[in-house]
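Every chain is numbered from 1, with letters handed out A, B, ... down the list of sequences. This one's a predicted model, so the numbers in the text were calculated from it and none came from an experiment.
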Amino acid sequence: MTRSAEVERAVEGAYRRGWALVLAATARVARDLDLAEECVQEAYAAALTGWTRDGIPDNPAAWLTTAAKRRAMDAVRRERTFRSKLPLLVEPEGTTEHEVAIDEPAAVEPEEVVPDERLRLVFICCHPALAQEAQLALTLRLVCGVTTADIARTLLVSETTMAARMTRAKKKISLARIPYRLPEAAELPDRLRAVLGVIHLLFTTGHTAPSGASLVRTDLVDQSLRLARMLRELMPDEPEVRGLLALLLVTDARRASRVDVEGRLLRLRDQDRSLWDRSAMAEAHDLIVDGLRGGRPGRYVLQAAIASLYAEAPSYDRTDWPQIVTLYDELLSVWPSPVVALNRTVAVSMVSGPARALAEVAELEKDGRLARYQYLPAVKADLLRRLGCSQEASIAYRQALELTRNDAEREFLTERLTGRHRA
Amino acid sequence: MAQYAILIYAKSDVDETEVVPGAREAHDRHFEDMVNSGALVAAFALRPAADTATSIRGDAVTDGPFVDAKEVIAGFAIVEAPDLDAALKLARDNPAVQQGGGVEVRPVEGGFLRDRPAGA
């Protein structure tokens, strides 16, 4: 490999692994997320030339952090008088040691990077005072280092819309003084829920793209897995962090088998289980066993346990359905979501028959909260089909089609519908 | 320290005479706590909007609150807090949150305050 190719690869690797680390540390000096972002971007550009000239440093993240922080300090000193337009990032008292450093640039020496800095970044991006779509965009930009243009493309909005959303969120952080700090123990459960919610949303958005031609958006799925792994590294003792990582791993383990060669959606029972990623499933299994030990298991651990039971069965028919129903009952008690209740009806149909499940789906229909949820008529249609009520099944398949925007899912439903007509 | 406004919302159709016993006392206690901790700058409770509010939009004067909604502003407070999290903590303790209403927290940009006694 040529020298420059080697450097490029090193910078790319440092970008993927180190971006959040470098930005988090720089934000504390810049006390402004925009300025921090700019300095980090410049530091990566400087690494390309610097590393070609001087060789790749032993600790690329530390090199980049020092370079970015130095730029931030220069900017702060230069613009001190102009920086009164927007308030600075708020940090809790007693942690602003860099205030001293600003007047002493020599104080920035290459350093061991403190990994915990990244957590502040994650928590500020996922602050509940920001709308979830803004949390998602900020996390992708600031924690994952994805460019605004790429985020706009993957989330299917225009670049101007995404840029405006990002600017608005950063402005709120600054004007409303959302602090750059770790949550206190008392607020941690709520705050962590928001973080896990964003990572999970990122995954589900990628796992079944809300609209468009392909079922899976690999880039979003990969980012969400990377974030979940990072969070697990930063908060190794949180059972729900383990649970979320397990859930993503076990769900994504089936990626290769979810569609056939022509991109058509396959039902779980029709998927080729030999294509499943056994090592991801094994990793998930260990995380789940850990998560179920001691204390009342939370939402993600339980969801992961359910997904894992589905995945570990030798075939669809030999799945441990009664155990799945039990886990769903537990899940409903910690997370009473109508979507969970709907998924539970599928397992119920395997234990107590489709008629019993259909009655439960009817209850959910009355409840009304799933009125726009395409999987409700889809589940209903399948139960009706199994009961031999082909006309009612057709009506339900049509309702599902009306609510579905993903092409692969639409094709699947159309086939079921026309299949019924042929029968 | 920054200043935040806490706008207190209550259900518009609640009759003053039906107010749960102890509700007023809960508010008094909450604001006394904030006076003692030094967080409170000022706080005001307003007369019921449905009965007493008058609104002006352009040339038109109308009877009732400015925005026709299920919840109306019942009062407001200005507090001092180091950051949004601290302000939200104060706001969350407001009894309106548990009494069917809620609060909105807004950072204060600037303001005026009379610096002489009334009528002077």
Side-chain angles (χ1 to χ4, degrees), chain A residues 27-28 30-33 83-99 119-132 134-135 138 142 167-195, chain B residues 1-10 26 29-31 33-34 36-44 67 69-71 73-113:
Chain A
R28 298 194 62 189
R31 300 194 61 190
D32 177 283
L33 292 171
R83 279 163 59 86
S84 50
K85 273 181 292 178
L86 282 181
L88 297 178
L89 216 48
V90 186
E91 286 200 53
E93 282 170 46
T95 59
T96 49
E97 76 277 9
H98 55 264
E99 287 281 22
L119 265 185
R120 292 170 185 256
L121 198 58
V122 171
F123 277 109
I124 202 168
C125 289
C126 299
H127 195 280
L130 302 169
Q132 198 181 36
Q135 297 176 11
L138 274 186
L142 298 178
T167 307
R168 189 184 165 276
K170 285 185 198 153
K171 207 166 161 187
K172 181 162 185 186
I173 288 177
S174 169
L175 289 178
R177 296 168 64 95
I178 295 178
Y180 192 49
R181 67 169 175 84
L182 295 176
E184 291 161 18
E187 31 175 19
L188 189 64
D190 273 343
R191 297 292 307 275
L192 186 58
R193 201 171 303 133
V195 173
Chain B
M1 280 292 178
Q3 291 190 337
Y4 293 87
I6 297 175
L7 310 180
I8 302 152
Y9 285 85
R29 257 197 318 277
H30 168 65
F31 284 105
D33 285 350
M34 285 207 291
N36 293 334
S37 73
L40 190 71
V41 177
F44 297 93
V67 177
K70 284 202 297 265
E71 288 99 5
I73 293 193
F76 56 90
I78 304 293
V79 299
E80 252 171 4
D83 57 47
L84 183 67
D85 284 351
L88 291 180
K89 202 180 270 177
L90 295 171
R92 197 171 285 129
D93 288 341
N94 193 296
V97 174
Q98 304 303 332
Q99 292 170 356
V103 294
E104 177 178 323
V105 179
R106 300 267 293 269
V108 170
E109 184 172 4
F112 295 94
L113 206 58

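When side chains are defined from C-beta on, B:Asp85 counts as touching A:Arg191, because their heavy atoms get closer than 4.5 Å.
A salt bridge links A:Glu184 and B:Lys89; the closest N-O separation between the charged side-chain nitrogens and carboxylate oxygens is under 4.0 Å.
Annotation for B:Pro82 and A:Arg177: closest pair O-NH2, 2.8 Å, computed over non-hydrogen atoms. Contact detail for B:Pro107 and A:Leu175: the closest heavy-atom pair is CB-O, 3.6 Å.
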